[in-house]
Amino acid sequence: MRIRPSGRSAATRKGPPRAIAPKKKGAKGYHPLLVFVSEMKMLYHSWFRTGSAYTANGITDFLREVKAGLPGTVEKVFFRADSGFFSGELFDLLEGYGWDYLVKVKLKNLKKLLGARKWTTADAKGEIATCEFTYRAKTWKKARTLRAVRTVKEYVEVEFLGGRDLVPVYQYACYASSYDKGAGELHEIYKRRSVSETWIEQVKGHTMAGGTLTNDFWANDILWQLAVFACNISVMLRRKKDRFKRQEHRTFMDWFVKVPARITRSGRRTELKMYEHHFFREDWEELEGLLDAA
């Protein structure tokens with residue numbers, strides 16, 4: 001089982017939510033904590049939080065709830081997260097659970113710290129290099145090994161002793177992980193996280209989760225949870241058919257929800273009458289057959 005948490009902030013506006021910008025200071029916003037199960041592309045658990053909440057606030061309590069709800073058949077868990085979750089307390093919890101993890105490093109002096117390291121070239125062109133070192137923050141119970149990748153972003157011209165030289169401009173990526181793997185391999189594993197950004201947009205944009213903000217926090221929480229519930233139902237309905245499973249939630253809405261139909265009631269019987277030649281009729285009937293078979 002692979003778990004991907006995310007803490008994303010958004011402000012109220014028309015269209016999908018996006019990060020709060022300084023010019024929107026004071027706007028109604030929210031910053032939910034999300035955990036996705038990668039194998040199923042489902043939002044397993046979420047906390048609806050105010051827009052002022054920091055990314056990792058409450059993450060250990062949140063994961064305790066996640067663990068409490070996991071089926072006993074789940075034997076292995078991999079936790080992957082961005083730099084907002086770089087925390088010794090979190091690592092202690094994950095190690096105590098026996099969960100593997102990969103978290104991007106966040107330190108104020110990270111670039112300076114990495115610049116002073118000894119790097120090992122990892123490619124023929126000399127544009128990729130790796131290093132590893134032991135690090136322990138003041139609040140950590142123990143030291144941990146951090147592994148980093150340095151790549152050449154671009155070359156710039158600089159004046160040097162009356163001439164002009166091309167000097168590389170580096171970009172860095174550093175990780176803390178329970179895996180005993182090289183920095184390059186960890187970097188590739190972390191990059192696979194990008195697909196979760198798509199899932200976040202589907203939850204927040206396609207289902208408009210959190211898009212309807214009232215002046216009551218708990219009312220907003222209920223609306224958020226209902227939208228998340230709808231998204232997960234959509235995912236479960238589509239899992240039985242590859243063609244349906246590949247579609248985004250918004251496409252699912254267009255095919256199976258936003259259809260021309262009329263509800264009629266006669267006595268105790270309620271019927272949904274659809275246009276006979278509806279464009280997605282065959283898809284509707286196929287999905288209904290899959291549901292009946294289940």
When Y175, F79, F91 are each screened for ring-ring contact (aromatic ring centres under 6.0 Å, His included) with Y101, the one that passes is F91

- prompt: Taking side chain as C-beta onward, heavy atoms only, is F229 less than 4.5 Å from C231?
  reply: no

Sequence neighbours excluded, the answer for side chain to side chain donor-acceptor pair (under 3.5 Å) partners of T120 is none

### Message
Under 4.5 Å between side-chain heavy atoms, counting indirect links through other Ile/Leu/Val/Met/Phe/Trp/Tyr residues: same cluster for W224 and W218 or not?
### Response
yes

Next item on the list: Spell out, as yes or no, whether a donor-acceptor pair under 3.5 Å connects the side chain of R49 to the backbone of G58.
Entry: no

Quick check on the hydrophobic clustering: are V235 and I233 connected, directly or via other members, by side-chain heavy-atom contacts under 4.5 Å? yes

For Y97, the ring pair (Phe, Tyr, Trp, His ring centres under 6.0 Å) test, sequence neighbours excluded, returns W99

- Query: Taking the side chain as C-beta and beyond, is there a heavy-atom pair between H31 and N57 under 4.5 Å?
  - Reply: no

Closest non-hydrogen contact found for R80 with I189 is NH1-O, 2.8 Å

Closest non-hydrogen atoms of A183 and A148, given as atom of the first, atom of the second and distance, are CB-O, 3.2 Å

Does F217 have more than 12 heavy atoms from other residues, nucleotides or ligands lying within 6.0 Å of its CZ?
yes

### salt_bridge(D180, R147) N-O dist < 4.0 Å
yes

For V149, the hydrophobic cluster (side chain heavy atoms closer than 4.5 Å, chained through members) also holds I128

CZ (F85) and OG (S87) are apart, to the nearest 0.5 Å, by 10.5 Å

Here the gap from L223 atom CG to T214 atom OG1, rounded to the nearest 0.5 Å, amounts to 6.5 Å

Q) Can you check whether V77 reaches L94 side chain to side chain, under 4.5 Å on heavy atoms? A) no

Is any side-chain heavy atom of L63 less than 4.5 Å from a side-chain heavy atom of T60?
-> no

Parallel, tilted or perpendicular: which fits the ring planes of F48 and Y30, with parallel below 30° and perpendicular above 60°? parallel

Check your understanding: Would you find a donor on one side and an acceptor on the other, under 3.5 Å apart, between the side chain of T121 and the backbone of D123?
Key -> no

Value for CG (L146) from CD (E132), rounded to nearest 0.5 Å, stands at 9.5 Å

CZ (F62) and OG (S46) are apart, to the nearest 0.5 Å, by 6.5 Å

CG of N220 to CD of Q225, rounded to nearest 0.5 Å, is 11.5 Å

Pair D92 + R144: basic N to acidic O under 4.0 Å = yes

Contacts of A129 meeting side-chain contact (heavy atoms from CB on, under 4.5 Å) (sequence neighbours excluded), chain-then-number -> W119, R150

- Query: Side-chain contact, heavy-atom cut-off 4.5 Å: M42 with F36?
  - Reply: no

- Message: Before you tell me yes or no, could you show the steps for V169 and V167 under side chain to side chain contact (heavy atoms under 4.5 Å, CB included), namely the whole-Å CA-CA distance, both residues' side-chain angles and the distance that decides it to 0.1 Å?
- Response: CA-CA 7 Å; V169 176; V167 176; over 6 Å; no

Practice task
Could you give me the CA-CA distance, side-chain angles and deciding distance for V103 and S177, then say whether side chain to side chain contact (heavy atoms under 4.5 Å, CB included) is met?
Solution key: CA-CA 6 Å; V103 179; S177 179; over 6 Å; no

Those residues at least two apart in sequence (or on a different chain) that pass side-chain contact (heavy atoms from CB on, under 4.5 Å) with T264 are R262, E271, K273

For this session: For E127 and Y155, run side chain to side chain donor-acceptor pair (under 3.5 Å): C-alpha distance rounded to whole Å, both residues' side-chain angles, the deciding distance at 0.1 Å, then the answer.
Result: CA-CA 11 Å; E127 295 185 342; Y155 290 92; 3.2 Å; yes

**Message:** Do R117 and F133 form a cation-pi contact, if we require the NZ or CZ to be under 6.0 Å from the six-membered ring centre and within 45 degrees of the ring's axis?
**Reply:** yes

Contacts of Y135 meeting ring pair (Phe, Tyr, Trp, His ring centres under 6.0 Å) (sequence neighbours excluded), chain-then-number -> W140

Between Q171 and T151, is a side chain to side chain donor-acceptor pair (under 3.5 Å) present by the stated rule, with each step listed?
CA-CA 6 Å; Q171 57 184 6; T151 56; 3.3 Å; yes

Point to revise | Side chains of E65 and W47 in contact at under 4.5 Å (non-hydrogen atoms) | key: yes

Go through the steps to decide whether K104 and Y190 satisfy the test side chain to side chain contact (heavy atoms under 4.5 Å, CB included), and finish with yes or no.
CA-CA 8 Å; K104 199 168 187 179; Y190 182 81; 3.8 Å; yes

Minimal heavy-atom distance between G84 and Y54, with the atoms involved, is O-OH, 3.7 Å

When rounded to the nearest 0.5 Å, the distance separating CG of L166 from CD of E157 is 5.5 Å

Worksheet entry | Check against side chain to side chain contact (heavy atoms under 4.5 Å, CB included), L34 and Y44 | CA-CA 8 Å; L34 320 173; Y44 181 77; over 6 Å; no

